[in-house]
Number of protein chains: 2
Amino acid sequence: MSTDSSGNLNTTDKKFPSDHTKQIIFSIRRLIQASELYTKELNKKYQVSAAQLNCILILYEYGPLPPSKIANHMMVKSSTVTGVVDRLEKKGLVERMRNSPDRRVITIQLTEAGKNLAQNAPPPIQQKIIDGLKQTENAKKEQIVRSLNMLTGMLDVRDLEVK
Amino acid sequence: MSTDSSGNLNTTDKKFPSDHTKQIIFSIRRLIQASELYTKELNKKYQVSAAQLNCILILYEYGPLPPSKIANHMMVKSSTVTGVVDRLEKKGLVERMRNSPDRRVITIQLTEAGKNLAQNAPPPIQQKIIDGLKQTENAKKEQIVRSLNMLTGMLDVRDLEVK
DNA sequence: AATAAATTATTTGAGCTAAAAAATTTTTAA
DNA sequence: TTAAAAATTTTTTAGCTCAAATAATTTATT
């Protein structure tokens, strides 16, 4: 019986991951790391992290929002937003307001500097995907969507509560 | 002229991301968040994070290794490994050794407790992918590989130096 | 009206991540 | 042999993320 480099006896042996499986896991790790490296790069060049930029762009697109709504758009938990907003406030890019009749609610809004940054924003990481997909035929895009849906399905991700 | 909910004039207008593009970006975020949620879950149930478990399994598979090699296998930078190893050492699952003739090199090895954990390890996140892919036909797997390769290509990921 | 339940934002704690700087050691060159 | 360069690990720093607990407020119930 012969074995391959991963120790598989053969391609039908399901005890160990196949090469395809390894490639897929590797690619997912690459996607994650790409976003980590990108945020470091952004921060160095523009003194704004990916999360911060994302937050600014959301506020620019949707107008002033409370942290909970920002969290929904950013797809993170709202305790994460608190920290992001803290750092943006420290840089004078956003400010916290209390103007809702419900006094629990705080509204975050862009300052002039924040708007300015939004208008001259460096590309968020998504831009690379957006640009890349522009030259991609629809059929292929659908294929990518299907592939990713299979993967997210496998990871049994509970739905992100985006209201 | 009509606009859709994302403000697109029509499907050939390339100024804004299409729905497919949004779905793809959303899915990638889901993959990342799934791995974050999984590590929290692991930590709660087994007092070991995903990164820590990964490190343990690598040491079990390849034997004692210096941090730099662990980093290669884990696909992270070695500064990250330092912290992971610190926490594992604190739990008595690994130990740092200085046994190389090259005295800069530190070797990390599993303790008995560490080996024990490796043998009775809870599933790493990859297991969900591995299991999910088992019931997937080869053609589809290849499709997933192709899709992910397109995406990692777009993100212009510099090759992770896996030696 | 008083109490209980729900909601919103924040704090705290643990962990991951990478860059940059510092420390250590080996190798190379003068 | 000694000084400079290169390699490697560790430390430091800054940021993101989430869960859980807390505080403040509002809504619902009794």
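Predicted model only: the values in this text are computed from it and were never measured.
If you measure from atom NZ of K91(A) to atom C1' of dA14(D), you get 10 Å, rounded to the nearest angstrom. Between the NZ atom of K45(A) and the P atom of dA19(C) there is a distance of 13 Å, rounded to whole Å. One can place CG of L42(A) at 14 Å from P of dG15(D), the figure rounded to the nearest angstrom. Atom CD in E89(B) sits roughly 15 Å away from atom C1' in dT11(D) (whole-Å rounding). Atom CZ of R98(A) is separated from atom P of dT8(C) by 14 Å (rounded to the nearest Å). Atom CE of M97(A) is separated from atom C1' of dA9(C) by 17 Å (rounded to the nearest Å). The interatomic distance linking E36(A) (CD) with dA14(D) (P) rounds to 19 Å, in whole Å. When rounded to the nearest whole Å, the span between CE of M74(A) and C1' of dC18(D) equals 13 Å.
Where G83(A) and R104(A) each meet DNA chain C at their nearest nucleotide, the meeting point lying more 5' is that of R104(A). Projected onto DNA chain D by closest heavy-atom contact, P101(A) and S78(B) fall at different nucleotides, the more 5' of which corresponds to S78(B).
Closest to the side chain of K44(B), out of dT26(D), dT17(C), dA19(D), is dA19(D). The side chain of R87(A) approaches dG15(D) more closely than any other nucleotide in the set dG15(D), dC18(D), dA20(C). Listed nucleotides dT8(C), dT10(D), dG15(C) differ in distance to Q52(B); the shortest reach to its side chain belongs to dG15(C). Distances were taken from every side-chain heavy atom of R29(B) (C-beta onward) to each of dA6(C), dC16(C), dC18(D); the shortest belongs to dC18(D). The K40(B) side chain lies nearest to dT17(D) when the options are dC16(C), dT8(C), dT17(D). Relative to the side chain of S79(A), the nucleotides dC18(D), dT17(D), dT25(D) differ in distance, and dC18(D) lies closest.
Nucleic acid contact for R96(A): sugar-phosphate only, since backbone atoms but no base atoms lie under 4.0 Å from a heavy atom of the residue. T82(B) comes within 4.0 angstrom of a base, heavy atoms only.
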CA sep, side-chain torsions, deciding dist, call: K45(B), E41(B), salt bridge (charged side-chain N to carboxylate O under 4.0 Å, His left out): CA-CA 6 Å; K45(B) 282 194 198 154; E41(B) 210 178 307; 3.6 Å; yes

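Between K115(B) and E112(B), at least one side-chain N (NZ, or NE/NH1/NH2) sits under 4.0 Å from a carboxylate O, which counts as a salt bridge.
Phosphate proximity of dC18(D) to T80(A): present, with a side-chain N or O under 4.0 Å from OP1 or OP2. An OP1 or OP2 oxygen of dC18(D) is reached within less than 4.0 angstrom by a side-chain nitrogen or oxygen of Q33(B). R103(A) has no side-chain polar atom (N or O) that falls below the 4.0 Å cut-off from OP1 or OP2 of dA9(C). Between S49(A) and dA14(D) there is no side-chain polar atom (N or O) within less than 4.0 angstrom of OP1 or OP2.
There is a side-chain donor-acceptor pair under 3.5 Å between D131(B) and Q127(B). Judged purely by distance below 3.5 Å, without hydrogens or angles, the side chains of Q52(B) and K91(B) pair a donor atom with an acceptor atom.
Within 3.5 Å, no donor on the side chain of K77(A) pairs with an acceptor on the base of dC18(D), nor the reverse.
In this structure the side chain of C55(B) reaches within 4.5 angstrom of the side chain of I70(B), judged on heavy atoms. L42(B) places a side-chain heavy atom less than 4.5 Å from the side chain of P122(B).
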